[in-house]
Amino acid sequence: MTRSKLQTARARLMYRAKRTMNNNEAAYEGHLALLKKAGQIAEFWYEAFTFKLGPDCRYTPDFVVQLPDGELECHEVKGFWRDDALVKI
């Protein structure tokens with residue numbers, strides 16, 4: 001791989017457009033914050049991880065939640081489901 005191609009690939013990996021939360025996601029973030037304060041979860045992140053499911057197919061969960069025992073869960077907040085989202089879940 002040439003130097004310019006490598007730099008381009010790194011830039012693509014490092015760049016991630018930050019989305020703003022919709023109303024449902026913001027409300028769920030408030031719920032997760034209460035759970036964290038109560039000690040029922042350890043931490044949570046908004047759109048922090050993207051999973052590659054196959055060629056040209058990626059999945060970014062709305063929230064990744066860490067339980068007190070270290071286990072991670074993916075949480076989706078949807079007002080409605082598109083067909084492609086149902087297939088990925």
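These numbers come from a predicted model, not from an experiment.
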Among residues at least two apart in sequence or on other chains, which ones pass side-chain contact (heavy atoms from CB on, under 4.5 Å) with D69?
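side-chain contact (heavy atoms from CB on, under 4.5 Å) check on D69 returns L67, E71.
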For L72, side-chain contact (heavy atoms from CB on, under 4.5 Å) partners two or more places apart:
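Here the qualifying residues are W45, V64, Q66.
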Could you pull out all residues at least two apart from [X] that satisfy side-chain hydrogen bond (donor to acceptor under 3.5 Å, both in side chains)?
| X | value |
| --- | --- |
| H75 | Y28, E73 |
| E29 | none |
| E43 | K36 |

If you measure from [atom1] on [X] to [atom2] on [Y], what distance do you get to the nearest 0.5 Å?
| X | Y | atom1 | atom2 | value |
| --- | --- | --- | --- | --- |
| C74 | Y59 | SG | OH | 5.0 Å |
| F49 | T60 | CZ | OG1 | 11.0 Å |
| E76 | N24 | CD | CG | 12.0 Å |
| K37 | L32 | NZ | CG | 15.0 Å |

Minimum heavy-atom separation for T20 and E25, please, with both atom names.
O-OE1, 4.2 Å
Do you know the tightest heavy-atom contact between Q40 and P68?
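That closest heavy-atom pairing would be O-CD, 3.3 Å.
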Test ring pair (Phe, Tyr, Trp, His ring centres under 6.0 Å) applied to F44 - qualifying residues, sequence neighbours left out:
none
Stepwise side-chain contact (heavy atoms from CB on, under 4.5 Å) test for L34 and H31
CA-CA 5 Å; L34 290 174; H31 171 71; 5.6 Å; no
